Amino acid sequence: MLVLGIETSCDETAAAVVEDGRLVRSNVVWSQVAIHARYRGVVPEIASRNHLRALIPVMEQALEEAGVPLGAVDGIAVTVGPGLIGSLLVGVQFAKAVAFALGRPLVGVNHLEAHVMAAFLADNQPEFPFVALAVSGGHTSLYLLESLGQVRLLGRTRDDAAGEAFDKAAALLGLPYPGGVHIDRVSQGRNVAAVHFPRAMLHEEGTLEMSFSGLKTALRRYLEALGRPLTDNEVGDIAASFQEAVVDILVARTLRAARQTGVRHVVVAGGVAANRRLRTRMEETALEAGLSLHLVPFAYCTDNAAMVAALGYHYLFGGLAGSQAVPRGLDMDPFERHVLDGW
Ligand code: KG4
Ligand code: ZN
């Protein structure tokens, strides 16, 4: 079964064709980063207008790369939330129109569930029940996935998302937007203990909540106290130290979530899961703790439509077909039902 996935929740216009929820036939992501860079953040109205411009060519490219005509698609999956409402509307209305024209079923999926289920695009598949850390620019949350479609929120950040913390730190350090990937880059081989940044709540017992907003304040104060321009090596050391503090919190909370739930399989997903230091530290920790770790493959960490198509397959044709867990068909209402229980 071929599912066409459409993703427009933020500033990436993406389309993908995935076979049987596993085999990615194509995965096209048109990023608007260059357009939003000068505002140092996504401008929702500009994002919506660019999704309108880009969707048809992006879908056509996805079909071409997959080597199939539109008529060969068996079903369509589209992200219905969470995300920027204008951007979501463009994608959802487009997907509805395609589904209507083709007479094929359509399913709306949750963006975070799609991030997590991208773990199934790896060779080494997670087994239910598993704990998932979903860590992106908008979210940092731990979930227990009891079975397909059965999700429980275990804990989340009280303030900033980890990706947001990286992006703000990068801006303070004069690195390009969006900052996460540049923090990762300049930290390579640098001293992770050059500056001591706070690990908020790290030693608070029992909790699975996190906090990252104090970190950027600590960085701002540190730079103000220093009061002079930084050398490239200093930027690298500070970035590496900042990154280490974020990674310490994420690793400790994920390990605690696995221990508290008694679950052995762990998934790490979302844009920040692309971070090399986080991947390495998660691997080391999982090995020590005897956990089976499933890092989402690098190519499917940041926003993409392959994850949307892969999840959509389960709702349209796989184990969740016929379930009422998400809005189905052309009459779905993205405003009422786009946030699933627990997400
Ligand atoms: O999942 P995603 O593409 O979009 C959201 O759903 O938010 O995540 C984007 C976030 C941004 O904050 C970006 O800076 C961060 O993921 N990110 C990274 C890396 N690549 C992307 N953060 C740290 N290291 C990276 N390599
Ligand atoms: Zn995302």
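Both backbone and side-chain heavy atoms feed into the values below; hydrogens, waters and symmetry mates do not. Small disclaimer: the values here were computed from a predicted structure and weren't measured. In listed order, ligands and their atoms are each counted from 1.
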Is any NZ, NE, NH1 or NH2 atom of the basic residue among E45 and R49 found under 4.0 Å from an Asp or Glu carboxylate oxygen of the other?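 Looking at E45 and R49, the cut-off is met.
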Is the contact between D167 and ligand 1 made by the side chain, the backbone, both, or neither, using heavy atoms and a 4.0 Å cut-off?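 For D167, only side-chain atoms sit under 4.0 Å from ligand 1.
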Assign the ring pair H111 / H115 to parallel, tilted or perpendicular, where the plane angle (0 to 90°) is split at 30° and 60°.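 Ring orientation, 0 to 90° scale: perpendicular.
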Number of protein N, O or S atoms [distance to the Zn ion (ligand 2) under 2.8 Å]: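 Step by step: take the Zn ion (ligand 2), keep protein N, O, S below 2.8 Å, and you get 3.
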Enumerate the atoms of ligand 1 whose separation from the nearest heavy atom of [X] is less than 4.0 angstrom.
| X | answer |
| --- | --- |
| H111 | 6 (O) |
| G271 | 1 (O), 2 (P), 8 (O), 16 (O), 17 (N), 18 (C), 19 (C), 20 (N), 21 (C) |
| T302 | 3 (O), 21 (C) |
| D184 | 24 (N), 25 (C), 26 (N) |
| G163 | 12 (O) |
| G138 | 7 (O) |
| H115 | 1 (O), 6 (O) |
| F166 | 22 (N), 23 (C) |

Could you tell me whether some N/O pair between G180 and ligand 1 is separated by less than 3.5 angstrom?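 Indeed, backbone or side chain, G180 has an N or O that close.
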Could you say whether the N/O atoms of R276 and ligand 1 ever approach to under 3.5 Å?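 R276 vs ligand 1: no N/O contact under 3.5 Å.
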Indicate the atoms forming the closest heavy-atom contact of A245 with L215, along with that distance.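 Taking every non-hydrogen atom into account, CB-CD2, 3.7 Å.
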What do the steps show when you test K216 against E164 for salt bridge (Lys or Arg N to Asp or Glu O under 4.0 Å), and what is the final call? CA-CA 10 Å; K216 67 166 188 285; E164 191 181 350; over 6 Å; no
Protein heavy-atom partner closest to [atom] - residue, atom, separation in Å:
| atom | answer |
| --- | --- |
| atom 5 (C) of ligand 1 | S136 CB, 3.6 Å |
| atom 3 (O) of ligand 1 | D303 N, 3.0 Å |
| atom 15 (C) of ligand 1 | V272 CG2, 3.9 Å |
| atom 24 (N) of ligand 1 | N275 ND2, 3.0 Å |

Taking the side chain as C-beta and beyond, is there a heavy-atom pair between H36 and V43 under 4.5 Å?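 The answer is yes; the side chains approach within 4.5 Å.
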Taking C-beta and beyond as the side chain, do M117 and L148 meet within less than 4.5 Å on heavy atoms?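 Heavy-atom side-chain distance check passes, below 4.5 Å.
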CG of L230: more than 12 outside heavy atoms within 6.0 angstrom?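 Yes, CG of L230 has more than 12 neighbouring heavy atoms, counting only those of other groups under 6.0 Å.
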Is the count of non-hydrogen atoms from other residues, nucleotides or ligands lying under 6.0 Å from R281 atom CZ greater than 12?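 Enclosed.
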Distance check, rounded to the nearest 0.5 Å: [X] atom [atom1] versus [Y] atom [atom2]?
| X | Y | atom1 | atom2 | result |
| --- | --- | --- | --- | --- |
| N304 | N27 | CG | CG | 5.0 Å |
| L133 | T254 | CG | OG1 | 4.0 Å |
| D232 | D237 | CG | CG | 11.0 Å |
| T8 | L84 | OG1 | CG | 9.0 Å |
| E209 | S141 | CD | OG | 10.5 Å |

For the residue pair F130 and F128, is the inter-centroid distance of their aromatic rings smaller than 6.0 Å?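 Yes.
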Contact between ligand 1 and I183 is defined here as a heavy atom of the residue under 4.0 Å from a ligand atom; is it met?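 Flag not set, I183 not near ligand 1.
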Less than 4.0 Å is my threshold; does some heavy atom of A274 fall inside it relative to ligand 1?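 Yes, A274 has heavy atoms under 4.0 Å from ligand 1.
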Steps toward side-chain contact (heavy atoms from CB on, under 4.5 Å) verdict (R264, E127): CA-CA 9 Å; R264 208 175 73 76; E127 281 170 29; 6.0 Å; no
Closest to atom 9 (C) of ligand 1 among G137, A114, S31 (heavy-atom distance):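 Looking at heavy atoms only, the winner is G137.
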